[in-house]
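So that the names make sense, note that chain A is the first sequence line, chain B the second, and so on, each numbered from 1.
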Amino acid sequence: MNFITEAVTKAVKILYQTEVDPNQINLQETRKEFEGQVTLVTFPFTKFSKKSPEQTGAEIGEFVKNELPEVSDFNVIKGFLNISLGDSYWLDQFYTNILADQFAVFSPKGKRVMVEYSSPNTNKPLHLGHVRNNLLGYSVAKILEAAGYDVIKANLVNDRGIHICKSMLAWQKFGQGETPETAGVKGDHLVGKYYVIFDKAYKKEIEALVASGQTEEEAKKNAALIKEAQEMLLKWEAGDEQVIGLWKTMNSWVYAGFTETYQRLGVNFDKFYYESNTYLLGKDIVEEGLQKGVFFQKEDGSVWIDLTADGLDQKLLRRSDGTSVYMTQDLGTAQLKYDDFQMDESIYVVGNEQDYHFKVLFLILEKLGKSWAKGLYHLSYGMVDLPSGKMKSREGTVVDADDLISEMEQTAREHTEALGKVESFSESEKLQLYHTIGMGALKYFLLKVDPKKRLLFDPSESVDFQGHTGPFIQYTHARIRSVLNRAPFEVGVEKVSRLFPEERDLILLLIQFPDMIEAAALAYNPAAIANYIYEVAKGFNKFYHELSILQADDQLTKNFRLKLADASGKVIKKGMGLLGIDVPERM
RNA sequence: GGUCCCAUAGCUCAGCUGGAUAGAGCAACAGAUUUCUAAUCUGUAGGUCUUAGGUUCGAAUCCUAAUGGGAUCACCA
């Protein structure tokens, strides 16, 4: 639309002897109820024209129409100049731009970006909150890739600490040698079971201690189980062979389980970091900070940074006993990642309950003078709520990821069987389709919402398959493929010269795809893609409903519509791919 | 208490750097299939954009405050 901006600039210059800044020129899509496709808001120009908005619009419109052959007509309503571009303009866009091999393909930006996501704890299976995280991270990585970035997907696994010791201890005490094989349970679920067992036993101990007169706080510290777990952690840190052995065994169970869940979710990683390797990092940085005078030491020897001038608090970076804290480790890990990849940007996909942590983390790195600190970004997303409130893993009110996936597949099966369209499918094709549709529904449901907003998930209502949903879009794609399989279009035949409104509207939508990718990449926002693709699907369905493709009046029109359908299908497929969603050929 | 985030139709959500009469889907109601997949399409109904000020020719959008909801502020991770 640059050529319109230029013409308007010229119009204002000649008509009103004023130079306007091109990005002051406000072009937008014309609302459906008015004639035209592009609208110029003319209020700002009345200052220069000294005339009414209507008259100003009419003058600019007249000028632009004479200036640009593409402009076929215009009308003015109040301060809005609605410009109509001729069919030949849109057809030209379609044939030379949308149909080109390079449509919506970006050339490399020469920038590297790391997306860290998932980052699970190894003491329990993944739940719905992790699902949102994984889908977001994967999609953002895909979008950045599409926009021309060199992307590294990273997963920082929290594989050590008191939480995993709790599972280990409970297994040691009550497990009787149970393994995923003997129990017939997925490894991550088995370990999670012992985490819950620990918690129950621990709570009982606390209750007993409270009954015997201790305060709850004391009881929490004094319970035998927690002390044992802490001892176990110390042994782990000391490299105790037996503890390390058990730790390795139980973690390997969890990894086998995670691998399966990741595979079903359709996400993957280029690089794994493990906290067992990184938890000691950051000690150098503490020294560096002290030396640079960015950190300070208190009398007891603990090391802090004072961020009160930035509206934050004082933050501990090294305990008085010389051990480090979470923040220290994250400082070290940030440095490690940068040393490994020298990326221009580094995105942390982490829930918004850690907003403060990342604000502090980034600020510290900046104060230390790390040149790469400005490339750090916390992609903060809202929690997933259930109608009953928050999910609490220890209280069993979580929606388990594996269960959820299975339920989605089951629901997809029921819907599909009720419609009876897949009789000709083989059994494995059917299973594949149920997975595609079920995951399409789930992923779209979670990704269409702005990441930063919290999200309400109602398991009883489950996820819809009609309306603004993944399956709706998948269905649109299947329809397109169905038509194209009946009659492939011919390449290189003559072009049509006029358009129906439904055709033009669809072209208008399709042409926005590259801008959408760019905008979504800039905002790290898959929801922008999700909502756009929905518009495309709706636009196609309308076109499909109003105009016949295969029974078009003439061969030229038929061929054009086949190409338009094909282009729509490609945008849908690619766009859904950016969300990590597959689209079927038939459904 | 300090700081941060959120508030749009009965429900779930769009609404780009301020622009026209605030849009979708679900749910409700009424229609469309001799025709390319009805998981579709069309229509009706549904709103003081939490409230009160302010900036502006113009505010759901920007600023301030209040209310409601959430998060966070550990020598936890």
Side-chain angles (χ1 to χ4, degrees), chain A residues 23 26 28-34 39 41-44 46-47 53 77-80 82 121 158 160-163 275 279 298 300-304 311-313 315-321 323-327 329-330 351-357 359-360 380 382-383 385 390 412 415-416 418-419 421 437 441 445 448-450 452-458 461 464-476 478-487 515-516 519 523 527-528 530-532 534-535 537-538 541-542 544-552 558 561-562 565 586-587:
Chain A
N23 52 31
N26 186 348
Q28 51 190 273
E29 247 182 90
T30 305
R31 293 179 144 246
K32 267 184 292 192
E33 58 264 43
F34 304 108
T39 293
V41 183
T42 57
F43 287 109
T46 55
K47 247 181 288 180
I77 295 162
K78 294 195 270 185
F80 300 91
N82 302 319
N121 292 350
N158 188 357
R160 54 136 247 136
I162 192 73
H163 54 270
E275 288 200 11
Y279 81 107
K298 288 193 176 173
D300 61 4
S302 57
V303 176
W304 300 72
L312 304 171
D313 302 308
K315 191 80 195 171
L316 177 84
L317 296 168
R318 193 170 72 195
R319 297 187 183 101
S320 50
D321 65 7
T323 58
S324 36
V325 293
Y326 179 47
M327 183 63 74
Q329 168 188 323
D330 267 10
N352 62 8
E353 71 272 14
Q354 296 202 40
D355 283 356
Y356 184 77
H357 173 76
K359 205 184 258 186
V360 171
S380 161
M383 325 211 115
D385 285 316
K390 267 183 84 166
H415 274 263
T416 308
L419 291 168
K421 293 180 183 178
I437 296 175
F445 183 84
K448 76 173 176 185
V449 181
D450 188 327
K452 68 170 181 280
K453 296 201 175 167
R454 41 192 318 137
L455 193 146
L456 185 76
F457 186 87
D458 190 338
E461 286 183 18
D464 265 320
F465 284 67
Q466 264 139 22
H468 189 182
T469 67
F472 166 85
I473 297 168
Q474 291 173 319
Y475 174 68
T476 306
R479 269 179 152 182
I480 292 171
R481 296 308 308 159
S482 169
V483 173
L484 287 161
N485 283 329
R486 282 164 191 273
D515 290 343
M516 288 295 164
N531 287 301
Y532 165 72
Y534 173 62
E535 292 299 323
K538 263 206 306 192
N541 278 323
K542 181 144 190 176
Y544 178 92
H545 191 263
E546 298 298 322
L547 304 167
S548 179
I549 299 169
L550 298 177
Q551 308 301 319
K558 177 178 167 183
R561 287 180 184 163
L562 283 168
R586 292 191 294 154
M587 69 184 270

Taking the [atom1] atom in each of [N] and [M], what is the distance between them to the nearest angstrom?
N     : M     : atom1 : answer
B/G53 : B/U12 : P     : 29 Å
B/C29 : B/G46 : C1'   : 12 Å
B/A9  : B/U51 : P     : 11 Å
B/A27 : B/C13 : C1'   : 15 Å
B/U50 : B/G10 : P     : 13 Å
B/C6  : B/U42 : C1'   : 36 Å
B/C26 : B/C62 : C1'   : 33 Å
B/A39 : B/U44 : C1'   : 24 Å

Between [N] and [X], is there an OP1 or OP2 to side-chain N/O distance shorter than 4.0 Å?
X      : N     : answer
A/K453 : B/A7  : yes
A/K542 : B/U42 : yes
A/Y475 : B/A39 : yes
A/R319 : B/A74 : no
A/S548 : B/U35 : no
A/R479 : B/A39 : no
A/R481 : B/U37 : no
A/K78  : B/U21 : yes

[X] near the nucleic acid: base, sugar-phosphate alone, or nothing, with a heavy-atom cut-off under 4.0 Å?
X      : answer
A/R31  : base
A/Q474 : nothing
A/R318 : nothing
A/L455 : sugar-phosphate
A/D515 : nothing
A/I480 : nothing
A/F80  : base
A/F43  : base
A/V449 : sugar-phosphate
A/S380 : nothing

Suppose we define a pair by two distances each less than 3.5 Å, Watson-Crick or G-U wobble; what does [N] pair with here?
N     : result
B/U64 : B/A52
B/U33 : none
B/A45 : none
B/A71 : B/U3
B/U21 : none

Would you say the side chain of [Y] lies within less than 4.5 Å of the side chain of [X], judging by non-hydrogen atoms?
X      : Y      : result
A/H468 : A/N531 : yes
A/R481 : A/L484 : yes
A/T39  : A/R31  : no
A/Y544 : A/I480 : no
A/R319 : A/V325 : yes

Exercise. Tell me which of A/E535 and A/A478 sits closer to the 5' end of RNA chain B, going by the nucleotide each one is nearest to.
Key: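 So the residue in question is A/E535.
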
Quiz item: For atom NZ of A/K47, is the number of surrounding heavy atoms from other residues, nucleotides or ligands below 6.0 Å larger than 12?
Solution: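 Atom NZ in A/K47 is not crowded, with 12 or fewer foreign heavy atoms closer than 6.0 Å.
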
[X] (side chain) and [N] (base): donor-acceptor pair under 3.5 Å:
X      : N     : value
A/T39  : B/A20 : yes
A/T416 : B/A39 : yes
A/S482 : B/C36 : no

Quiz item: From the list B/G25, B/C13, B/A39, which nucleotide is the closest neighbour of the side chain of A/Q466?
Solution: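 Closest nucleotide to the A/Q466 side chain: B/A39.
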
Quiz item: Looking at A/F465 versus A/Y475, is the centre-to-centre ring distance below 6.0 Å?
Solution: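 No; A/Y475 has its ring centre 6.0 Å or more from that of A/F465.
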
Quiz item: Is the ring centre of A/Y534 under 5.5 Å from the base ring centre of B/A24, and are the two planes under 30° apart, so that they stack?
Solution: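 It does not: the two rings, one from A/Y534 and one from B/A24, miss the stacking criterion.
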
Quiz item: Angle class for the A/F80/A/F43 ring planes (parallel below 30°, perpendicular above 60°, tilted otherwise)?
Solution: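 Ring orientation, 0 to 90° scale: perpendicular.
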
